[in-house]
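Below: one structure, written as structure tokens.
Labels below follow one simple rule: chain letters A, B, ... track the order of the sequence lines, proteins then strands, and each chain is numbered from 1.
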There are 2 protein chains.
Amino acid sequence: MARIKTTQDISRKEVITEAAATLFKEKGYKAASMRDLAEQVGVEAASLYNHIKSKSELLHNICVQVANDFWEHIHEVENKKCTGVEKVEAILRYHIREMITNYEKVYVSDREWKHLTEPYLSNFHTQRREYRKKVASIIEQGIHKGEIKPIDAPTAVLIILHAVSGIDSWHRSKQKISAAELEANMVTILIDGLRK
Amino acid sequence: MARIKTTQDISRKEVITEAAATLFKEKGYKAASMRDLAEQVGVEAASLYNHIKSKSELLHNICVQVANDFWEHIHEVENKKCTGVEKVEAILRYHIREMITNYEKVYVSDREWKHLTEPYLSNFHTQRREYRKKVASIIEQGIHKGEIKPIDAPTAVLIILHAVSGIDSWHRSKQKISAAELEANMVTILIDGLRK
DNA sequence: CTCAAAAACTAACATTTGTAAGTATGTAGC
DNA sequence: GCTACATACTTACAAATGTTAGTTTTTGAG
């Protein structure tokens with residue numbers, strides 16, 4: 001009888017969730033079946049239900065975990081004593097690093113959250129909007145202080161956050177530059193684009 | 001008996017394709033059912049098959065149409081006599097405008113092409129890669145001529161193209177700035193970020 | 001070794017899916 | 001009005017899906 005491999009640190013539920021993230025990223029939430037997922041962890045589909053409640057719970061857990069990480073981080077940034085540009089740069093760098101180290105989950109949270117069920121869908125949506133407002137507000141402060149060009153803040157947010165999701169292509173790229181170089185390049189282009 | 005509304009210029013197949021684009025954008029290709037689509041055009045699901053061959057043909061048509069538009073445009077740009085920065089700006093502006101005027105189809109082509117079937121999937125994938133190479137090559141020329149900062153060109157491409165897909169948020173935004181302002185802001189941030 | 005708990009299995013289910021076959025209805029030219 | 005064609009409808013089906021129920025196997029503590 002096949003068993004889901006675990007270590008002391010990582011529960012079977014976590015193993016399943018990790019595999020789900022990879023699968024959801026590759027095929028999309030809807031196209032990924034529980035039988036696919038079961039095969040990935042080396043077990044029959046029904047066996048998964050000894051560890052999880054439902055498919056949608058998997059997506060939910062992924063999205064919540066990612067959302068909380070970003071939520072926590074932006075609060076730290078808000079309380080920092082530094083310039084607006086520096087704050088934006090810190091946020092950007094965090095997004096880049098998360099997208100590199102935590103790829104599958106961040107990707108899934110970003111592209112598949114539409115398939116969350118209520119009330120989690122509304123919660124997620126709201127938190128996402130709030131997050132963007134926070135970033136926009138930091139940018140606006142920077143504009144007022146003359147550090148940042150007089151641009152439309154929501155547009156800047158949109159550019160920065162979506163640009164990061166392009167790291168997807170970097171992951172798939174054969175001859176890739178290092179993660180550090182990638183980060184440096186992205187910061188150069190985007191932060192210089194903002195700076196006055 | 002309900003009938004699909006048409007004008008002289010637009011065939012029933014086109015009506016269905018437009019509705020499909022909207023539906024695929026909202027729910028995702030996999031989650032959008034033919035019964036959903038049928039309801040949208042005011043007809044029974046099976047009736048759609050008098051006009052189309054299959055669900056996947058709809059996605060295929062959408063993706064091909066969008067891909068061809070961009071493909072054609074970049075060839076025009078390549079043959080233009082102007083600086084590299086101007087070429088990149090032209091490409092960026094085209095992307096922005098397409099994302100604004102041709103929203104649903106461009107969005108679907110961008111996010112749902114993974115669900116294309118072979119051999120169309122491979123073709124699309126290849127063309128997409130070639131397209132990005134072309135843009136990267138334009139940027140590299142600009143770097144050599146000293147118009148553009150010495151950055152990693154593929155990274156710049158990734159940023160620009162993905163930033164545009166953020167226009168999605170702009171469409172959903174309640175109190176949006178005008179399309180012209182949006183374009184101006186995006187060009188300011190991104191092109192200034194590239195320029196030396 | 002024993003035994004309870006954990007984790008796997010098999011079998012089955014109700015739905016939903018894309019689509020085919022056959023039939024009815026609407027429409028346009030004669 | 002008649003005919004032919006386009007377009008719709010009804011019915012049906014096979015495959016795939018998420019999930020439950022019930023059973024067997026494995027594991028680890030005493």
Side-chain angles (χ1 to χ4, degrees), chain A residues 1-21 23-24 26-63 108 112 114-118 120-121, chain B residues 1-21 23-24 26-63 108 112 114-118 120-121:
Chain A
M1 237 177 200
R3 284 207 132 204
I4 298 177
K5 284 180 196 163
T6 56
T7 69
Q8 272 194 330
D9 291 343
I10 197 164
S11 70
R12 274 172 240 270
K13 183 165 183 169
E14 283 167 324
V15 172
I16 295 171
T17 306
E18 295 289 330
L23 200 67
F24 292 170
E26 275 167 10
K27 314 189 69 168
Y29 175 75
K30 270 285 174 181
S33 79
M34 294 305 277
R35 284 165 181 84
D36 287 339
L37 177 56
E39 193 177 15
Q40 212 76 26
V41 297
V43 104
E44 289 301 314
S47 307
L48 297 172
Y49 289 84
N50 286 317
H51 308 282
I52 63 162
K53 232 185 65 192
S54 66
K55 184 186 183 186
S56 72
E57 187 208 10
L58 287 169
L59 180 62
H60 173 60
N61 285 344
I62 291 168
C63 291
V108 168
E112 305 292 333
K114 280 184 206 172
H115 299 106
L116 286 168
T117 52
E118 293 292 359
Y120 310 114
L121 177 60
Chain B
M1 236 179 201
R3 285 206 130 205
I4 298 176
K5 283 182 195 166
T6 57
T7 68
Q8 272 193 330
D9 292 341
I10 198 165
S11 71
R12 273 173 240 272
K13 182 166 185 169
E14 284 167 324
V15 172
I16 294 171
T17 306
E18 296 288 330
L23 201 65
F24 292 169
E26 276 169 10
K27 314 189 72 170
Y29 175 74
K30 269 286 175 180
S33 78
M34 295 304 278
R35 284 166 180 83
D36 285 340
L37 178 55
E39 192 177 16
Q40 211 77 26
V41 299
V43 102
E44 290 301 314
S47 306
L48 297 172
Y49 289 83
N50 287 315
H51 308 283
I52 63 163
K53 232 185 66 195
S54 67
K55 184 186 182 185
S56 71
E57 188 208 11
L58 286 170
L59 180 61
H60 173 60
N61 285 344
I62 291 168
C63 290
V108 168
E112 305 292 333
K114 282 185 206 170
H115 298 105
L116 286 169
T117 53
E118 293 291 356
Y120 309 116
L121 177 60

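If you check C/dC9, C/dG18, D/dT19 against the side chain of B/M34, the one that comes closest is C/dG18. Each of D/dT19, C/dA8, D/dT7 was ranked by its minimum atom distance to the side chain of B/R3; first place goes to D/dT7. Closest to the side chain of A/Y49, out of D/dT20, C/dT19, D/dA8, is D/dT20.
Counting any heavy atom pair closer than 4.0 Å across all strands shown, B/A32 reaches sugar-phosphate atoms only and no base atom. B/A31 comes within 4.0 angstrom of no nucleic acid atom, judged by non-hydrogen atoms across all strands.
Listed pair B/H51 / D/dA8 meets the phosphate criterion, a side-chain N or O lying under 4.0 Å from OP1 or OP2. A sub-4.0 Å separation between OP1 or OP2 of C/dA7 and a side-chain N or O of A/S47 is absent. Contact annotation: A/R35 does not reach the phosphate of D/dA16 (side-chain N/O to OP1 or OP2, under 4.0 Å). Taking side-chain N and O atoms only, A/S33 has no distance below 4.0 Å to OP1 or OP2 of D/dA16.
Between B/H60 and B/Y120, the ring planes lie tilted relative to each other; the angle falls in the 30° to 60° range.
Around NZ of A/K114, the count of heavy atoms belonging to other residues, nucleotides or ligands within 6.0 Å exceeds 12.
Both A/N50 and A/A45 lie close to DNA chain D; mapped to their nearest nucleotides by heavy-atom distance, the more 5′-ward contact belongs to A/A45. With DNA chain C read from its 5' end, the first of the two nearest nucleotides for A/A46 and B/A46 is the one closest to A/A46.
Between the CD atom of B/E44 and the P atom of C/dA20 there is a distance of 17 Å, given to the nearest Å. The interatomic distance linking B/K5 (NZ) with C/dG26 (P) rounds to 17 Å, in whole Å.
Shown are A/E39, A/K55, A/E44; of these, the side-chain contact (heavy atoms from CB on, under 4.5 Å) with A/M34 is made only by A/K55.
Taking every heavy atom of both residues into account, A/L121 and A/E118 meet most closely at CD2-OE2, 3.7 Å.
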